[in-house]
*Asks:* 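I'd like to ask some things about the structure below.
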Amino acid sequence: MMDLYTFFRSGTSHRLRIALALKGLDVNHIPVDLRTEDHSKPSYTSINPQGLVPALRVEERILTQSPAIIEWLEETYPEPSLLPKDIFARHYVRSIASLVGCDIHPVNNRRILEYLRGTFHANEEQILEWCGRWISHGFDALETMLVREGQSGTFCYGDTPSLADVYLIPQVESARRFKMDMSQWPKIQTIDAKCMTMPEFINAAPMKQKDAS
Ligand SMILES: N[C@@H](CCC(=O)N[C@@H](CS)C(=O)NCC(=O)O)C(=O)O
């Protein structure tokens, strides 16, 4: 069985948990507590030198970087696919994943916020403003894309979950944690509600994890 190094509140761990569940794969969860800096200790940096979760142990190999791990999953376990068949639809789904994974998540990552707090003395109000700005900027564009492109159904693309939903749902969870009003983005809110009827998404949620507290 594969070992997943994960933290319940980590968005990138969350997206990987969803992808694994949609592929029907059961893995052994090994919690790495970011609050106690366990990810920066040699016991974990010996696994991932970047000191970031998630990581996936597959037999003797360690896989890092959630986008690369999800691509590996897609190539190793092609069914059910997280990508549509049509080549432009594949681009569309990947562009949503990139919007979240490259342009929203990284600037709101814990280590960035800790640096803003520690080096620039940002208070919690300023931290919320920072996170809110980048989430709003991304979600405003995504809401427009979802409505304008007319490719979304009950999910970001059509009526089955794809890579786009795998990336989106953890970001919605994070937006709620940063006290964002999700009613500004009704299409995103509807897709989130639909995903959260599926056990694959429900069981991957932060508060469902054994390390949640
Ligand atoms: N690009 C990496 C980013 C991983 C990442 O940023 N993980 C966060 C949790 S969501 C982390 O470990 N942060 C540690 C920290 O910020 O101190 C991936 O997608 O796997």
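Just follow the structure's listing: the first ligand is 1, and inside any ligand the first atom is 1. Computed from heavy atoms alone, side chains included, the values below leave out hydrogens, waters and symmetry copies. If you're wondering where the values come from, they're calculated on a predicted model, not measured in any experiment.
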*Asks:* Going by the atom numbers of ligand 1, which of them fall below 4.0 Å from some non-hydrogen atom of R15?
*Replies:*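 Ligand 1 atoms under the 4.0 Å threshold to R15: 19 (O).
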
*Asks:* Can you report which non-hydrogen protein atom sits closest to atom 19 (O) of ligand 1, along with the distance?
*Replies:*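 For atom 19 (O) of ligand 1, the nearest protein heavy atom comes out as S66 OG, 2.6 Å.
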
*Asks:* Under 4.0 Å from a heavy atom of H105: give me the atoms of ligand 1 that qualify, with their elements.
*Replies:*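 Answer, ordered by atom number: 6 (O), 10 (S).
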
*Asks:* Does D86 have any side-chain contact (heavy atoms from CB on, under 4.5 Å) partners at least two apart in sequence or in another chain, and if so, which?
*Replies:*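 If we apply the side-chain contact (heavy atoms from CB on, under 4.5 Å) test to D86, skipping adjacent residues, the hits are F88, A89.
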
*Asks:* Write down the atom of S13, the atom of T6, and the distance for their closest heavy-atom approach.
*Replies:*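 Heavy-atom minimum between the residues: CB-OG1, 3.4 Å.
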
*Asks:* Which residue supplies the protein heavy atom nearest to atom 16 (O) of ligand 1, what is that atom called, and how far is it?
*Replies:*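 The answer is R111 N, 2.7 Å.
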
*Asks:* Tell me the protein heavy atom at minimum distance from atom 9 (C) of ligand 1, and give that distance in Å.
*Replies:*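 Its nearest protein heavy-atom neighbour is S10 OG, 3.5 Å.
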
*Asks:* I need the atoms of ligand 1 closer than 4.0 Å to a non-hydrogen atom of G11, numbered in the order shown.
*Replies:*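 Counting atoms of ligand 1 from 1, those under 4.0 Å from G11 are 10 (S).
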
*Asks:* For the pair R17 (side chain) and F8 (backbone), establish whether a donor and an acceptor sit closer than 3.5 Å, ignoring hydrogens and angles.
*Replies:*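 Between the backbone of F8 and the side chain of R17 there is a qualifying donor-acceptor contact (under 3.5 Å).
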
*Asks:* Give the atom numbers and elements of ligand 1 that come within less than 4.0 Å of a heavy atom of P67.
*Replies:*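 Counting atoms of ligand 1 from 1, those under 4.0 Å from P67 are 19 (O).
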
*Asks:* Give me the residue, atom name and distance of the protein heavy atom closest to atom 2 (C) of ligand 1.
*Replies:*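 The answer is Q65 OE1, 3.0 Å.
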
*Asks:* In terms of the angle between their ring planes, are Y44 and Y5 parallel, tilted or perpendicular, with boundaries placed at 30° and 60°?
*Replies:*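 Correct class here is tilted.
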
*Asks:* Okay, side chain of R117, backbone of A122: is any donor-acceptor separation there less than 3.5 Å?
*Replies:*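 No; judged by distance alone, with no hydrogens or angles, the pair does not exist.
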
*Asks:* So between N108, T64, T12, T6, whose heavy atom ends up nearest atom 3 (C) of ligand 1?
*Replies:*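 Shortest heavy-atom distance from atom 3 (C) of ligand 1: T12.
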
*Asks:* What protein heavy atom sits nearest atom 12 (O) of ligand 1, and how far off is it?
*Replies:*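 Heavy-atom neighbour on the protein nearest atom 12 (O) of ligand 1: V53 N, 2.9 Å.
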
*Asks:* Closer than 4.0 angstrom, basic N to acidic O: yes or no for R111 and E114?
*Replies:*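 Salt bridge: no.
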
*Asks:* We want to know whether D140 and W185 form a side-chain donor-acceptor pair, criterion being a heavy-atom distance below 3.5 angstrom.
*Replies:*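 D140 vs W185: donor-acceptor pair found between side chains.
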
*Asks:* Taking D159 for its side chain and T154 for its backbone only, find out whether a donor-acceptor pair lies under 3.5 Å.
*Replies:*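 At least one qualifying donor-acceptor pair exists.
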
*Asks:* Between the side chain of R110 and the main-chain N/O of L34, is any donor-acceptor distance below 3.5 Å?
*Replies:*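 Yes, because the side chain of R110 sits within donor-acceptor range (under 3.5 Å) of the backbone of L34.
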
*Asks:* Under 4.0 Å from a heavy atom of P54: which atoms of ligand 1 are those, numbered in the order shown and with their elements?
*Replies:*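 With P54 as reference, the close atoms of ligand 1 come out as 20 (O).
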
*Asks:* Is the closest heavy atom of R9 to ligand 1 under 4.0 Å?
*Replies:*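 No, that is not the case, since the closest heavy atom of the residue is not under 4.0 Å from the ligand.
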
*Asks:* Ignoring angles and geometry beyond distance, decide whether L34 reaches within less than 3.5 Å of ligand 1 through its nitrogen or oxygen atoms.
*Replies:*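 In fact, backbone or side chain, L34 has no N or O that close.
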
*Asks:* Applying salt bridge (charged side-chain N to carboxylate O under 4.0 Å, His left out), which residue pairs with at least one partner in residues 55-78 are found, sequence neighbours left out?
*Replies:*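 For residues 55-78, and leaving out neighbouring residues, the salt bridge (charged side-chain N to carboxylate O under 4.0 Å, His left out) pairs sorted by first residue read D3-R57, K23-E74.
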
*Asks:* Provide, to 0.1 Å, the distance between atom 11 (C) of ligand 1 and the closest protein heavy atom, together with that atom's residue and name.
*Replies:*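 Checking every protein heavy atom, the shortest distance to atom 11 (C) of ligand 1 gives L52 CD2, 3.6 Å.
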
*Asks:* Looking only at distances, please establish whether an N/O atom of ligand 1 is found under 3.5 Å from an N/O atom of N109.
*Replies:*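 N/O-N/O distance below 3.5 Å exists for this pair.
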
